[in-house]
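A quick write-up on the structure given underneath.
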Amino acid sequence: MTHRIDCLQYANWSEKIFRQMREGGVDAVHVTIAYHENFRETVLNIERWNRWFEQFPELIFHGRTGDDVRLARETDRTAIFFGFQNPSPIEDDIGLVEIVHTLGARFMQLTYNNQSLLATGCYEAEDTGITRMGKQVIKEMNRVGLVIDMSHSADRSTIEAAELSERPIAITHANPHRWQPALRNKRDDVIRAVTENGGMMGFSLYPHHLKDKSDCTLDSFCAMVADAADSFGVAHFGIGSDLCQDQPDSVVEWMRVGRWSKEIDYGEGSSAAPGFPPQPQWFRDNRDFATIESGLRKKGFDDSEVAALLGENWLRFFDLNFGAKAE
């Protein structure tokens, strides 16, 4: 059996979910440990994860390298990789890039939906690209092995990041814009820039990123995967489900609003539907990876392609990009 990797989840973590990861044979999950938190608050989130690693050592452990995914498979556990959806944990201090990598962070988005000190988010009217600080932070992230994630970034910023970075970058959770024109989904020129530079994109199962949203069918999702694989090469894609399982609606408000606004921001939602949208029937939690696998097979992907999409592509990416840059 091949390795199964989900390159983005933000669940309301519990023993139940950790056990579902094992039932679903999920060997590694990239978990969001910061949305808008500063450095000290992010450290508190790491402390919370350390308690879970202590409480459930037979289910989960802290992953730092690709080999930890292999260890997870061998020991029937799930390796947990830390990532940030915002550069807020490094505040305005480039020296914190190395510190957060030392603490176990392996992905950092250069923006959430807004302009940051580093780049432009996908909700801004004007995309001015990578900032002066952003160029320096990209260099430092390349040096230490902290992956640049542009999931919530605007088009020009993403293309510039792919070109400026000397190592491949990632869009951990999004879908092609031509399939579902959500603001967060990626246009072809953006996907091309990322993949041509060796980067990866994880397909999202978050309903606002899906055609027909919560009513999206497995067949439609797998047709989208097939189209993307035909256009850009199967080697550049995986899953980044963006699963927000068991989260209260107050959390989606925190994700969208953070501390920057006194007004409610509905993101891809609306005032009529402000909370988390229901997941499609065929992907409710980590136990449903087998359903995606069968859907991909039905679409004509062979064994090696299915293995690549469900984890082997991400594993290769982890192997190459989580360590210090070779001199």
Pair F107 and F322, ring centroids less than 6.0 Å apart: yes
Common cluster, M201/L210, ILVMFWY with side-chain heavy-atom separation under 4.5 Å: yes
Hydrophobic cluster identity match, I80 and V100, side-chain contacts under 4.5 Å: yes
NZ (K211) with more than 12 external heavy atoms under 6.0 Å: no
Common cluster, I99/F84, ILVMFWY with side-chain heavy-atom separation under 4.5 Å: yes
D288 and Q279: side chain donor to acceptor below 3.5 Å: no
Side-chain H-bond candidate by donor/acceptor type, T32 with Q85, under 3.5 Å: yes
Separation of F232 CZ from T195 OG1 (nearest 0.5 Å): 6.0 Å
S151 versus R184, side-chain donor and acceptor atoms under 3.5 Å: no
CA sep, side-chain torsions, deciding dist, call: E37, Y35, side-chain contact (heavy atoms from CB on, under 4.5 Å): CA-CA 6 Å; E37 288 90 336; Y35 268 97; 4.1 Å; yes
Ring centres under 6.0 angstrom apart (F237, F203): yes
Flag, side chain of N185 to backbone of H209, donor-acceptor distance under 3.5 Å: yes
Any donor-acceptor N or O pair under 3.5 Å, side chains N175, S204: no
Set of residues satisfying side-chain contact (heavy atoms from CB on, under 4.5 Å) with respect to N321, sequence neighbours excluded: V147, R167, P168, F317
Lys/Arg-Asp/Glu bridge criterion (N-O < 4.0 Å) met for E293, R297: yes
Linked, directly or transitively: L315 and I171 (ILVMFWY side chains, under 4.5 Å): no
Counterpart residues, side-chain contact (heavy atoms from CB on, under 4.5 Å), relative to R40 (two or more places apart): N38, V43, L44, E47
Sole residue of Y206, F283, W282 in ring-ring contact (aromatic ring centres under 6.0 Å, His included) with F221: W282
Side chain R77, main chain L71, donor-acceptor under 3.5 Å: no
Side-chain H-bond candidate by donor/acceptor type, R178 with S231, under 3.5 Å: yes
Co-membership, hydrophobic cluster, residues I33 and V29, 4.5 Å side-chain: yes
Side chain to side chain contact (heavy atoms under 4.5 Å, CB included), paired with V97, selected from V137, I138, N142: V137
Of F82, F81, W49, the residue whose pairing with H62 passes ring-ring contact (aromatic ring centres under 6.0 Å, His included): F82
